[in-house]
**Q** 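This structure is in structure tokens; I'll ask about it shortly.
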Amino acid sequence: MEGKKRIFWDAFLLTLVVFLAGLFLGISFESSKVAQINEYYANSEIFLMDILALNNMIGLEKNCNLLADANLKMADKVYEEALLLEKYSDSEKLAQAMDLAHKRYDLLRTFLWIDSVNIKNKCNSNFSTVVYIYEYKTKDLVKKATQNVWSKILYELKQNKGDKIVLIPIAGNNDIESLESLKRKFEISNLPVVIINEKNLITKLESVGELERYFE
Amino acid sequence: MDIITIIYIAYSVIAFYFLFLFILIYFQNRGKIFYYPEYIQEYSLSMVVPCYNEEKTIANTIQALLDSSYNGLKKIIVVDDCSTDNSYSIIKDFAKKFPKKIVALQTKENTGKASGTKNYGAKFVDTELIGFTDADSYPEKNAIKQMIGFFDTEKTGAVTSQVLVKKREKFIEKLQAIEYKVIAFTRKLLGFVDSIYVTPGPLAIYRKKIFDEVGGFDESNMTEDIEITWNIISRGYKVEMPLPSKVYTSAPEKFRGWYGQRIRWNIGGLQTMNKYKNVFLKKGMLGTFVLPLFILYWCLGLFGLIVLSYRIFRESIIQVLSTGYSIETQSAILTLRDINLTPNVLVFFGMTIFFLSLVFTITILAYLKEDEFKKTGLLSLLIYMFVYLTLYPLMLVTSLYKFLKGKYSW
């Protein structure tokens, strides 16, 4: 009888070992993704620092073009990384490390937005900024569906417009003070919202064709 | 960690636990899987066959019992429950042909349930052992003989056998053929920890003294074969199962029949759980394992279904809204970017459980290979794993509703 009872404990111990091993592997797997994102982030940060250094050299026509190109490249890189970050965030189940990475990226993207506006003002550049501020990990189903469609529309817009626009998606609910300040400045109370060239605030879904009219 | 992740992990842990439990029981007893003791004493046995409108199968059932190699089988008592077809006249013909062995009986009025018919037949039994075979089931020649040796142990109250599907032409029969083998093998494994929870109707033998002690079958229960088994083990008796002992039975060949049968099984399970709720965590393996196992099965099934429905509902709303918005804005409804193939830890857990379950099922099918039947096809196996098993929780809802409403009949 004792032997029969023992098997239940053996199964429990085996489950515990396998479960803990699985948990460890899972956390390691997720950590590897976070490490990958952090590496991308470090590169992007260096890139941004480089742009800031260039910013200080404004005055020369040559530098202005260089700055606009670097800014665009930076924005495209960060946009690609944003897509990856969203995927990794969705698949992260155990740790919450991706949330922190997301916040750092949001800060970086806010900085990129501010920098893009500066470049436009100082260099009189002809690129447009499209800033998409959305709610990260929203529970609201309507908002979630709206954001799904917004990201598809903006992706298509970026494909159509290419280098003519700088597309910057930023999570607007990550408690970033600089972003909060910008939201107040643009009187943004509801997310998601798309801001085109700091003039047009679009709160309702519009087609790619309708959005393209803002650049005419 | 969000609540859904915690639920998924809890389910994974439970699934792992039971898988490992079965795997460990198997490895600890793999040399004894097909063991059955040869009998020392030849006990006298009567087989009772309850019959209601089984004119197509009853003759073969009686013939299968007549062909049994067990010499202690003294009587075959066939009880007709006032059939409206030709069953009773077939039974009487057999009784005329084998007057010393076959007894043809008919209930005074239709009892409408197998338990009533079985209890009626049991009144005419005066042997040391009493067995039951459904009128659409066919024990193999040596099936009974392989069961008897267990009764040499005084504590043995009942012995059951491996129930297999007779006809495997329709797809639903093929799926049930897999299921029955999995049930038989896991029941055998549970036998090693004294936890056989059912002595199914197609073939079961009871020590008559113990059968009388428990009061026969509970006629108010939809699954009298589960109830009597719980009754027997709650009194400290043992229930055994020799895996080589086989009985073939007719499984439902239409979805409707299959569905009705499963609802009946579930309601019977609920009735039995309710009847024995007081032994929870008491009275040996019944209270400490079998009953908690049943409760866990119900709770996990129903709760899992609620969580899954909630998730599907939420995702459907999002998809419907997204599709509507996409149409409004003339944007793509579905793009490659929507498919997130980045694996996560829950997927790994799920895949591991699925893989282990698949290996477990394939091992069972290999173990219980039958030369007279074709091998189980891959399609049947995959549909069994992916579709058939997922229907189980859905039926729990209907069963629970009917049970609570008292809307059930045989």
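Values reported hereafter were calculated over all heavy atoms of this structure, with side chains retained and with hydrogens, waters and symmetry mates removed. Proteins get letters first, then strands, A, B, ... in listed order; numbering begins at 1 in each.
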**Q** Is the number of heavy atoms from other residues, nucleotides or ligands under 6.0 Å of Q159(A) CD greater than 12?
**A** yes

**Q** Crowded around N126(A) CG? As in, over 12 foreign heavy atoms under 6.0 Å?
**A** no

**Q** Determine the minimum heavy-atom distance between L321(B) and A145(A), stating which atoms define it.
**A** CB-CB, 3.4 Å

**Q** Any side-chain heavy-atom pair from I7(A) and F27(B) closer than 4.5 angstrom?
**A** no

**Q** Any chance OH of Y310(B) has more than 12 other-residue heavy atoms, nucleotides or ligands included, within less than 6.0 Å?
**A** no

**Q** In this structure, are over 12 heavy atoms from other groups packed under 6.0 Å from K164(A) atom NZ?
**A** no

**Q** Could you look at T5(B) and say if it's the side chain, the backbone, both or neither that has a heavy atom under 4.5 Å from chain A?
**A** side chain

**Q** How long is the straight-line distance from CZ of F8(A) back to CG of L24(B), given to the nearest 0.5 Å?
**A** 11.0 Å

**Q** What part of E30(A) is in contact with chain B, defined as an atom under 4.5 angstrom from a non-hydrogen atom: side chain, backbone, both or neither?
**A** side chain

**Q** Measure I318(B) against the heavy atoms of chain A and call it side chain, backbone, both or neither at under 4.5 Å.
**A** both

**Q** With rounding to the nearest 0.5 Å, note down the distance linking NZ in K152(A) to OG in S326(B).
**A** 4.5 Å

**Q** To the nearest 0.5 angstrom, please state how far the CD atom of E210(A) sits from the CD atom of Q330(B).
**A** 7.5 Å

**Q** Where on F348(B) is there a heavy atom nearer than 4.5 Å to chain A: the side chain, the backbone, both, or neither?
**A** side chain

**Q** Does any backbone or side-chain atom of L16(A) lie under 4.5 Å from a heavy atom of chain B? Answer side chain, backbone, both or neither.
**A** neither

**Q** Report the option among L25(A), V208(A), V142(A) that has the most heavy-atom pairs separated by less than 4.5 Å from atoms of chain B.
**A** V142(A)

**Q** F349(B) versus chain A, heavy atoms under 4.5 Å apart: side chain, backbone, both or neither?
**A** side chain

**Q** If you count heavy-atom pairs within less than 4.5 Å of chain B, which of L14(A), V18(A), T146(A), D10(A) leads?
**A** L14(A)

**Q** Taking everything shown except F34(B) itself, do over 12 heavy atoms lie less than 6.0 Å from its CZ?
**A** yes

**Q** With respect to chain A, which residue among F192(B), Y325(B), F289(B) yields the maximal number of heavy-atom pairs within a distance under 4.5 Å?
**A** Y325(B)

**Q** State whether the number of non-hydrogen atoms from other residues, nucleotides or ligands found under 6.0 Å of F354(B) atom CZ is greater than 12.
**A** yes

**Q** Looking at every heavy atom in both V149(A) and S322(B), which two are closest together, and how far apart are they?
**A** CG2-O, 3.5 Å

**Q** Name the option with the most non-hydrogen atom pairs under 4.5 Å to chain A; the candidates are V13(B), I317(B), I6(B).
**A** V13(B)

**Q** Which pair of non-hydrogen atoms, one from S207(A) and one from T329(B), has the smallest distance, and what is that distance?
**A** CB-O, 3.1 Å

**Q** Hey, what do you get for CG (L157(A)) to OG (S331(B)), rounding to the nearest 0.5 Å?
**A** 12.0 Å

**Q** So does F360(B) have more than 12 non-hydrogen atoms from other groups sitting under 6.0 Å from CZ?
**A** yes

**Q** Non-hydrogen atoms of chain B under 4.5 Å away: do they reach the side chain of E156(A), the backbone, both or neither?
**A** side chain

